[in-house]
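Naming: A, B, ... by sequence-line order, numbering from 1 per chain.
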Protein chains: 2
Amino acid sequence: MTTIRDVAKKAGVSVATVSRFLNGSGYVSADAAKAVAEAVEELEYELNPVARSLNTKRSSLIGLILPDITNPFFPELARAVEDVALSYGYTVILCNSDEDPKKEKNYIETLKKKYIAGFIVTSNQLDAPHYADTKLPIVALDRAINEKIPVVASNNKEGAVLGTNALLERGCKNILFLRGPEALNPANDRYDGFMEAIGKSDVDYRIVTCPFHYADSQKIVERELQANPEIDGIFASSDVSAAGALKAAAVLGRNVPDDLQIVGFDGIAMGEMLSPGLSTVAQDVYKMGAIATRVLIKRIENTPLEESFYEVPVKLVLRGTTRSVE
Amino acid sequence: MTTIRDVAKKAGVSVATVSRFLNGSGYVSADAAKAVAEAVEELEYELNPVARSLNTKRSSLIGLILPDITNPFFPELARAVEDVALSYGYTVILCNSDEDPKKEKNYIETLKKKYIAGFIVTSNQLDAPHYADTKLPIVALDRAINEKIPVVASNNKEGAVLGTNALLERGCKNILFLRGPEALNPANDRYDGFMEAIGKSDVDYRIVTCPFHYADSQKIVERELQANPEIDGIFASSDVSAAGALKAAAVLGRNVPDDLQIVGFDGIAMGEMLSPGLSTVAQDVYKMGAIATRVLIKRIENTPLEESFYEVPVKLVLRGTTRSVE
DNA sequence: ATAGTATGTGTAACCGGTTACACATACAGC
DNA sequence: GCTGTATGTGTAACCGGTTACACATACTAT
């Protein structure tokens, strides 16, 4: 393996000059730069990142902490993070936390020892001390931590208004809102949006809390639809719940979208594959991941940040679970 | 930060003894071991993995190279790899290759510089020189490389026999087989299985090549169903294609499973959420990932391997796109 | 002429581990 | 007693970079 000393010898300069040239730091004369560049070229020298890390206590690793990559929301996010990270020369370490503070803490400790450059985090434990105390750059996704940590999130409230209005405009008179877990910020924002939009109308509605889980959602919606047959619209706080609702409707023989219209939230790929295709408030998950990564890299590289809150717009995607508006 | 020298001083021994104790290498007397253990405890010493890597040219990083984490097959795989890696003290680096040999090569080069311990790879480029030449431990998933590289794969052929027989037993008389891309080993194994099973029957069949892509599959199946209305069973080489087929059936008003039965292949989570639920030949993706990771770690740690080919059984999962057998 | 600043370079210590090698001791077998 | 082997330990070089600091020169301002 070629080392910086080999390059220095070949170029007839000292290792310090080579290092300065390589890092663009300090003074290097044009002559020296040329000699070093040639030596690097000829010897096909490549810098050893491990040796560099040992000194600088920095690396080009980024930790991506998320609850579970298996959750359909996250693969696209991970993809975006990885794409952007790669383009800036960073490498992504995947960490499934299961929302377990112990696992999160453990990852942070382990990766700190590897001199990780920063973290992108999706978690509800974000106020936990292991984040607050970390000196490392962190960017939060979807859920706010504290003022010092930048956040990238969808415009959940506006999205919920959009979704609710879509049902109202299409003639729904009795809407069931599947509210997400109250521990989740985005779920609460969606709830706020629903309340705002429904408050401006005069239609009846019901609210039921419902985990982001397919089978549970199906069960809950079956129960609700049987107990309240007058329901003619469902707005779900997640596509997975909406898929459960759609299944419940199918099981009960309710005709979607003629008797019952459904709108989900998230915009996961699966929505397209359902029959009928799921109308939904789509988040631009890729964009969220991409922005979060760019923001993180700016923090890592000490580029000043313009903002500390990045809101990504959502988009109403209408498919088969809603009628066309008259 | 506490270093090995601090520990040595506190324990009244040399750094060499501490290092030997920490690594369980060489001779360390009971007295010395006790003193070092106590010093480590008191100082809360933690070994610096970067410094270690620089010497040993090894790390506890594992590279997971896959085409695209967004493809529904891979998140569960990644999850399994991560879980097992974590339990053995390894960290997973996520690499989306898009099946692009350049990207793959680039990842391998980059990660080699970081002294990565080994790779788990899903790729069709596996015979490419950047794999063959790599001295590092590699385990291939789903697709064979060369004899030196262990492979973990589903029993695709048997799975296809299982899936085909499921349709035959349920009275299908005219089966459409959606064959996967011919460049893919697993797709070809599934084709072989289909041919074997169908050959033992006397029913009619058609074969059409079909990418693992939802919308394309839908289009192809719509065309086929219109041209060949006698088709009463579809066996798809992937669940995504099966989902497209199901959509096509819905669009054409074909009743599933009464007029038309569908069986997919893969067992991705989405299958459950479709209406009717998708019958499929499910791969145990988690298990594949877990085995691959254990095999890789054995190779990394030079534990001898019993085998070089690990076949994971598949399972027929019957849901709503097939009838109950009379 | 003189001080002060910008430019340019090299030496050597340092990051925090691992390990080759030298050396010491204990005990076995002959 | 002597040789050989197993056990135990420390010194110092090494992994491959970064960087503080000392030193040298050129140029500007006074």
Side-chain angles (χ1 to χ4, degrees), chain A residues 1-40 43-61 89 109-117 301, chain B residues 1-40 43-61 89 109-117 301:
Chain A
M1 175 180 260
T2 353
T3 75
I4 198 172
R5 285 166 231 273
D6 301 330
V7 175
K9 194 180 290 176
K10 180 123 197 168
V13 298
S14 73
V15 291
T17 300
V18 177
S19 181
R20 279 190 291 257
F21 171 80
L22 259 23
N23 291 291
S25 63
Y27 297 111
V28 178
S29 69
D31 283 359
K34 184 155 169 285
V36 173
E38 281 173 11
V40 165
L43 298 172
E44 296 183 10
Y45 168 75
E46 294 185 281
L47 191 142
N48 181 324
V50 178
R52 169 180 276 176
S53 276
L54 185 56
N55 280 267
T56 59
K57 303 191 187 310
R58 281 178 278 111
S59 75
S60 56
L61 297 173
E109 295 304 321
T110 307
L111 296 178
K112 262 185 175 175
K113 284 189 230 158
K114 294 190 202 290
Y115 297 134
I116 192 132
E301 298 177 354
Chain B
M1 175 179 261
T2 357
T3 75
I4 199 171
R5 284 165 233 270
D6 301 328
V7 175
K9 195 182 290 177
K10 179 122 197 167
V13 298
S14 73
V15 291
T17 300
V18 177
S19 181
R20 279 189 291 255
F21 171 79
L22 261 20
N23 291 292
S25 62
Y27 296 110
V28 178
S29 68
D31 283 359
K34 187 156 167 284
V36 173
E38 280 172 12
V40 165
L43 299 173
E44 295 183 9
Y45 168 76
E46 294 185 282
L47 191 143
N48 182 323
V50 177
R52 171 181 274 176
S53 275
L54 184 55
N55 279 270
T56 59
K57 303 190 187 312
R58 279 177 277 114
S59 76
S60 55
L61 298 173
E109 296 302 323
T110 306
L111 295 179
K112 262 186 175 174
K113 284 190 230 156
K114 295 190 202 288
Y115 297 135
I116 193 135
E301 298 178 353

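Scanning DNA chain C 5' to 3' for nucleotides with an atom closer than 4.0 angstrom to a non-hydrogen atom of chain B gives a first and last hit of dG16(C) to dT19(C).
Ile116(B) and Lys112(B) get closest at one heavy-atom pair: CG2-N, 4.1 Å. In terms of heavy-atom proximity, Asp6(A) sits nearest to Met1(A) at OD2-O, 3.8 Å.
Heavy-atom distances under 4.0 Å link DNA chain D to Thr3(A), Ile4(A), Arg5(A) of residues 3-11 of chain A, given in residue order. Remark: Ser19(A), Asn23(A) in residues 18-25 of chain A come within less than 4.0 Å of DNA chain D through at least one heavy atom.
Side-chain atoms of Asn48(B) and Tyr115(A), non-hydrogen and from C-beta on, do get closer than 4.5 Å to each other.
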Would you tabulate the side-chain donor-acceptor contacts of residues 29-37 of chain A under 3.5 Å, counting partners in other chains and residues two or more places apart, or write 'none'?
residue	atom	partner	partner atom	Å
Ser29(A)	OG	Ala32(A)	N	3.1
Lys34(A)	NZ	Glu38(A)	OE2	3.4

List the atom pairs, donor and acceptor, that lie under 3.5 Å between side-chain atoms in residues 7-14 of chain B and the rest of the protein, sequence neighbours left out.
residue	atom	partner	partner atom	Å
Lys10(B)	NZ	Glu42(B)	OE1	3.3
Ser14(B)	OG	Ala16(B)	N	3.4
Ser14(B)	OG	Thr17(B)	N	3.4
Ser14(B)	OG	Thr17(B)	OG1	3.4

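Under 3.5 Å, the side chains of Ser60(A) and Lys114(B) contain a donor-acceptor pair of N or O atoms.
Within the model, atoms CG of Leu43(A) and CD1 of Ile4(A) stand 12.0 Å from one another, a figure rounded to the nearest 0.5 Å. Between Thr2(B) atom OG1 and Glu46(B) atom CD the span is 8.0 Å, to the nearest 0.5 Å. A distance of 7.0 Å separates CG of Leu47(B) from CG of Asn23(B), quoted to the nearest 0.5 Å.
Nearest-nucleotide positions on DNA chain D place Asp31(B) closer to the 5' end than the other of Tyr115(B) and Asp31(B).
In the helix from dA1(C)-dT30(D) to dC30(C)-dG1(D), the terminal helix axes, each the rotation mapping four pairs' C1' atoms onto the next four within five end pairs, subtend 40°, rounded to 10°.
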In sequence, state the C-alpha distance, the side-chain angles, and the governing distance for Val18(A) and Leu22(A), and then conclude on side chain to side chain contact (heavy atoms under 4.5 Å, CB included).
CA-CA 6 Å; Val18(A) 177; Leu22(A) 259 23; 3.8 Å; yes
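Nucleic acid contact class of Val50(A) (heavy atoms, under 4.0 Å, all strands): none.
Of the possible donor and acceptor atoms, one in the side chain of Thr56(B) sits under 3.5 Å from a partner among the backbone N and O of Arg52(B).
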